[in-house]
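I have placed the structure first, in the form of structure tokens, so that the comments after it can refer back to it.
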Amino acid sequence: MKIQLSHPWPETAAEAEAVQDALRAGLDLAGPGPARPATVAGVDVAYRGDRLAAAVVVLDAATHRIVEQVAVAGRTAFAYVPGLLAFRELPSLVEALERLTAVPDLIVCDGYGLAHPRRFGLACHLGVLTGLPTVGVGKTAFVGSHREPGHRRGDWSELLLDGDVVGRVLRTQDGVKPVFVSVGHRIDLDTACRHVLALSPRYRLPETTRAADRLSRAALRAAS
DNA sequence: GCGACAG
DNA sequence: ATCTTGTCGC
């Protein structure tokens, strides 16, 4: 899979925001998204100083067994700025995705999609760049307001931003802190939450996220 | 004006 | 994200 990053790569926050505004035109939020993805990819990045390691792990959607995995070591190329996380992680993540031998049916990202101050988080970037359906799963609140969802697995509440529903606060395990789900590209919120829940049979975070997190940390250790 | 702020 | 001890629970 060949992926074209924006050229030139933004240097400043203002340039990065301009890139987001331009890419947002490519968002597809019309269809319901994949009902039965055969494979789902999880992506994550680990850091240590200015070193980083990006990982993509493709799982069989039904069994959650690892089908393929790729890790890429690199250096931090953009400072962390809330709202511009994508520019920090995208270069290495894209490189890892390009090395996959098979294109996954869905990508689950660490972070947010539409639930973003400019309505274009990391999951939206990855969706527009790859053309694949993407979902954002955040571990902590970032933008928007919400009521506390019920305490049972599957309970959820709306994430609201300026009067719009931009995501859901979803309980993936009984009595465990909820996750923040938002759509990235080519999928609807209902379908996104359904897949996140199916990918989290035992732990708070989706198996895709857990697998990518482990691989990125291991790759970071191996590289440094 | 001040603080908060994905990973 | 990362820096970190002990501690509760299966």
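Just so we're clear, the structure is a prediction, and the values are computed from it rather than from any experiment. Residue numbers start from 1 in every chain, and the chains themselves are labelled A, B, ... in the order their sequence lines are given, proteins ahead of strands.
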Pairs of donor and acceptor atoms involving the side chains of residues 85-96 of chain A, under 3.5 Å and at least two apart or interchain, shall be tabulated with distances.
residue  : atom : partner  : partner atom : Å
Arg88(A) : NH1  : Phe78(A) : O            : 2.8
Glu89(A) : OE2  : Tyr47(A) : OH           : 2.8
Glu95(A) : OE2  : Arg99(A) : NH2          : 2.6

Give the dot-bracket line for DNA chain C from 5' end to 3' end: parentheses for intra-strand Watson-Crick or G-U pairs under 3.5 Å, square brackets for crossings, | for inter-strand pairing, dots for unpaired. ..........
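- Looking at Glu148(A) and Ser157(A), their side chains never bring a donor and an acceptor atom within 3.5 Å of each other.
- With hydrogens and angles ignored, the 3.5 Å screen pairs no side-chain donor or acceptor of Arg118(A) with any backbone N or O of Gln20(A).
- In this structure, Arg210(A) contributes its side chain and Arg204(A) its backbone to no donor-acceptor pair below 3.5 Å.
- Taking atom CG of Asp213(A) as the reference point, atom P of dA1(C) lies 7 Å away to the nearest angstrom.
- Ion pairing between Arg119(A) and Asp164(A) holds under the 4.0 Å rule for side-chain N and carboxylate O.
- Taking atom CG of Leu220(A) as the reference point, atom P of dT2(C) lies 7 Å away to the nearest angstrom.
- In this structure, CZ of Arg48(A) is placed 15 Å from C1' of dT4(C), rounded to the nearest angstrom.
- Of the possible polar contacts, one joining the Ser200(A) side chain to the Val196(A) backbone as a donor-acceptor pair under 3.5 Å is found.
- A 4.5 Å side-chain heavy-atom check between Asp213(A) and Asp110(A) finds every atom pair outside the cut-off.
- Distance alone, capped at 3.5 Å, is enough to place a donor-acceptor pair between the His185(A) side chain and the Asp28(A) backbone.
- When hydrophobic residues (I, L, V, M, F, W, Y) are linked wherever their side-chain heavy atoms come within less than 4.5 Å, the members clustered with Val169(A) are Tyr112(A), Phe142(A), Val143(A), Leu159(A), Leu161(A), Val166(A), Phe180(A).
- Of the residues in residues 132-149 of chain A, those with a non-hydrogen atom less than 4.0 angstrom from any atom of DNA chain B are Gly138(A), Lys139(A), Thr140(A), Ala141(A), Phe142(A).
- Side-chain atoms of Thr12(A) come within 3.5 Å of backbone atoms of Glu15(A) as a donor-acceptor pair (strictly under, hydrogens ignored).
- A heavy-atom distance below 4.0 Å to DNA chain B is reached by these residues of residues 110-131 of chain A, ordered by number: Asp110(A), Gly111(A), Tyr112(A), His116(A), Gly121(A), Leu122(A).
- Remark: Tyr80(A) is in phosphate contact with dA6(B), judged by side-chain N or O atoms under 4.0 Å from OP1 or OP2.
- Put simply, CZ on Phe180(A) is 13 Å from C1' on dC5(B), counting in whole angstrom units.
- Between Arg202(A) atom CZ and dG9(C) atom C1' there is a gap of 11 Å when expressed in whole angstrom units.
- Checked against ring pair (Phe, Tyr, Trp, His ring centres under 6.0 Å), His64(A) has no partners two or more places apart in sequence or in another chain.
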